[in-house]
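Following: one structure in C-alpha cells, then a few remarks.
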There are 2 protein chains.
Amino acid sequence: MNCCEKQDYTIDNEQLARFAKAMGHPSRIAILSFLANLDSCYFGDINNELPIAKATVSQHLKELKESGLITGTIEAPKVKYCIHRENWAKAQAYFNTFFASLKEKDLCCD
Amino acid sequence: MNCCEKQDYTIDNEQLARFAKAMGHPSRIAILSFLANLDSCYFGDINNELPIAKATVSQHLKELKESGLITGTIEAPKVKYCIHRENWAKAQAYFNTFFASLKEKDLCCD
DNA sequence: AATATTGTTCGTAATTTTGCGAACAACGAA
DNA sequence: TTCGTTGTTCGCAAAATTACGAACAATATT
C-alpha cells in the first residue's frame with residue numbers, strides 16, 4: 001500500500017493499544033517530540049536531550065521502532081532515527097477515531 | 001472551567017504519557033470502547049464483556065479512574081462507570097496536537 | 001436476621017519494564 | 001594498523017504490571 005491509496009482505518013484495538021503503550025512513557029514522548037520537530041535525528045543528539053543513560057535511550061528507541069512509530073538507519077558512524085510517517089498517520093487516525101467514537105447522549109451516565 | 005470556555009491545550013508531556021499509558025493495554029481499550037459506546041456502564045456488564053477475572057477488571061478500572069479517563073460511582077448495589085467527558089476531550093486534544101506537530105519537510109529524514 | 005448480589009481488596013506469583021554500567025561491535029580517521 | 005567515536009547489547013537489580021482466587025464489605029431482598 002503506497003502513501004496515496006485510500007486506507008482503511010478500521011480500528012484494531014490491539015494495534016491501538018500497542019501505539020498507546022509505546023507512547024506511555026515520558027522519555028518516549030520526549031523522543032517522539034524531538035523527532036517530530038526535526039530538531040535532529042541522530043542518536044547522540046537525542047541522547048543529549050534526555051537525562052538518562054545512553055543504554056536506556058537506546059532501549060526506548062528500540063521499543064519505539066518495534067511499535068512502528070519510528071525507523072532506525074545506520075549512517076556510519078551514526079544512527080539516524082526518523083518518524084515513520086505512514087504509521088504515524090495511522091496512529092493519529094486510530095486515536096482520533098477512537099476518541100471520536102464517544103456518543104453524545106448517554107442515558108446511563110448523564 | 002465549563003465545557004464552553006476556550007481551553008488551553010498546551011501539551012503536558014507527562015500528562016500525555018499518563019493518558020497513553022492508561023490506554024496501553026487491550027483490556028483497557030476494550031473497556032473504554034464499551035463505555036464510549038454506552039453499551040452499559042455497570043461493572044457487571046463490563047466484566048461479562050471481558051475474558052478475564054473480575055478482580056483484574058476491577059484493577060483495570062481503577063487504573064483508568066486514576067488516569068482521569070473515567071469516573072466510578074456507587075449505585076448500590078452496583079457500581080457505575082462513565083467516561084469522564086472533560087478529560088476525554090483533553091486527551092483527544094493532547095493526542096491530536098501531538099500528532100499534528102510533525103513537521104512536513106525534513107532535511108534530515110526525507 | 002439470614003441470604004444473595006455486587007464489586008473491591010488482599011495476598012501471591014509470574015512476567016515485564018525501567019535503568020544502569022561495562023563490555024562490545026562497527027566504522028572512520030590518523 | 002591503531003585509535004577514537006558512535007551506539008548496541010549484556011548482565012543485573014529494582015520496581016511496576018498483569019492476573020488470579022479467596023476473603024471481605026456493602027447493600028437489597030426474603
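Per chain, numbering begins at 1; letters A, B, ... match sequence-line order.
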Pairs flagged by salt bridge (Lys or Arg N to Asp or Glu O under 4.0 Å) wherever residues 70-83 of chain A is involved - sequence neighbours left out: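 Qualifying pairs: A/E75-A/K80.
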Non-neighbouring partners of [X] that pass side chain to side chain contact (heavy atoms under 4.5 Å, CB included), sequence neighbours left out:
X      : answer
B/S101 : A/A36
A/E104 : B/R85
B/T71  : B/C82, B/H84
A/A30  : A/L50

A/Y42 OH to D/dT6 P, in whole Å, measures 12 Å
When rounded to whole Å, the CZ to C1' distance for the pair B/F43 and D/dT27 reads 16 Å
In numerical order, the residues of residues 64-77 of chain A whose heavy atoms come under 4.0 Å of DNA chain C are A/A76
_Under 4.0 Å from a heavy atom of chain B: give me the 5'-most and 3'-most nucleotides of DNA chain C that qualify._
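Contact span on the strand: C/dT6 to C/dT9.
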Taken in chain and number order and not counting sequence neighbours, the residues that satisfy ring pair (Phe, Tyr, Trp, His ring centres under 6.0 Å) with B/F43 are none
Measure the acute angle between the ring planes of A/W88 and B/F99, then classify it against the limits of 30° and 60° as parallel, tilted or perpendicular.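 Ring orientation of A/W88 relative to B/F99: perpendicular.
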query = Would you call the rings of A/H25 and A/H60 parallel, tilted or perpendicular, where under 30° means parallel and over 60° means perpendicular?
reply =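 Aromatic pair A/H25/A/H60 classed tilted.
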* Heavy-atom side-chain contact between A/I31 and A/Y81 under 4.5 Å ->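 The answer is no, as the side chains (C-beta and beyond) never meet within the 4.5 Å cut-off.
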Would you check if A/S67 and A/R18 make a side-chain contact, meaning some heavy-atom pair closer than 4.5 Å?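 A/S67 does not reach A/R18 side chain to side chain.
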**Request:** Strictly below 4.0 Å, heavy-atom distances to any atom of DNA chain D: list the hits from residues 22-37 of chain A, or just say none.
**Result:**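 Residues of residues 22-37 of chain A that come under 4.0 Å of DNA chain D do not exist, since none gets that close.
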Within residues 52-63 of chain B, those residues having any heavy atom closer than 4.0 Å to DNA chain D are B/I52, B/A53, B/A55, B/T56, B/Q59, B/H60, B/E63
So the side chain to side chain donor-acceptor pair (under 3.5 Å) pairs with at least one residue in residues 45-54 of chain A (sequence neighbours excluded) are A/S40-A/D45
Please check: side-chain N/O of B/N96 versus main-chain N/O of B/Q92, any donor-acceptor pairing under 3.5 Å?
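No: the side chain of B/N96 does not pair with the backbone of B/Q92.
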Applying salt bridge (charged side-chain N to carboxylate O under 4.0 Å, His left out) to B/R28 and not counting sequence neighbours gives B/E63
Would you indicate what A/K21 reaches in the nucleic acid, counting non-hydrogen atoms under 4.0 angstrom: base, sugar-phosphate, or nothing? sugar-phosphate
